[in-house]
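For reference, the structure is listed below as structure tokens.
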Amino acid sequence: MKGFPMSLRRLVPQRRSEIKQYATYRSYKRFLREDFNKRCGYCDADDKFLGAAVAFHVDHFAPQKKFDELKTDYKNLIYSCRFCNGAKSDYWPSECHLTSVIDEEGIIDPCDSEYDKHLARNDKGYIYPLTKLGGFIHRLLKLGLTRHSVLWKLHRIEENLNKMDRQRDRLSEEQLTTYQLLSSEYRSLIAYICEYGDK
Ligand SMILES: [Zn+2]
């Protein structure tokens, strides 16, 4: 199918280069949220479907258990959904914080565009690996779960509804009624998911 495989993400997150030093890593969450476009760095889930910023975590790329000196280093922090953060846990393949991959096993900083060379999405929104390292990351972060496809589809429905909204002047009365019904059903579904999605 045209356009597939798709890249896992539309945007590669970019950490700001200048930032004030804070005493706790949690203080960086609001900056990370902006720099990561309100999405999980690892699986690209939109935070609004998973309880928004309150339910999102600040992950330490090189784990703080092993590299305490990087605990509040902004370059080492990732805006992450709780599922990816939990799955990754304290995993690290080496004794050096700069070595995140050994023999095609490891993890890549999602702010590096290299991340997208190893993982992609199919036409159903499922994430799948493109390389051996991608396969390792896929297993480590449980990126094969249906959840990732469902969240991608929700985002796509919303984009299409927004597109229709911009074209509402051109819709017939019947089309407009159908659009309004779909839009209202979608919004009540999202309100439900956003309230209960992280439980
Ligand atoms: Zn995630």
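In each ligand, atom 1 is the first atom listed, and ligand 1 is the first ligand listed. Since the model is a prediction, treat every value here as computed from it, not as a measurement.
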Item to complete: Quick one: which residue pairs count as a salt bridge (charged side-chain N to carboxylate O under 4.0 Å, His left out) with a foot in residues 54-65, not counting sequence neighbours?
Response: D59-K88, K65-D90
Worksheet item: In Å, rounded to the nearest 0.5 Å, how long is the span from OH of Y28 to OG1 of T72?
Response: 5.0 Å
Discussion item. Under 6.0 Å between ring centres: does that hold for Y126 and W152?
Written reply: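 No; W152 has its ring centre 6.0 Å or more from that of Y126.
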Discussion item. Do the side chains of D47 and R39 get close enough for a salt bridge, i.e. N-O under 4.0 angstrom?
Written reply: no
Item to complete: Mind listing the protein N/O/S atoms less than 2.8 Å away from the Zn ion (ligand 1)? Waters don't count.
Response: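 Sorted hits: C40 SG, C43 SG, C81 SG, C84 SG.
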Discussion item. Can you give me the closest heavy-atom contact between N85 and S80, atom names plus distance?
Written reply: N-OG, 3.3 Å
Practice prompt. Look at the aromatic rings of Y42 and Y115 and report parallel, tilted or perpendicular, splitting at 30° and 60°.
Written response: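 Answer is tilted, since the angle falls between 30° and 60°.
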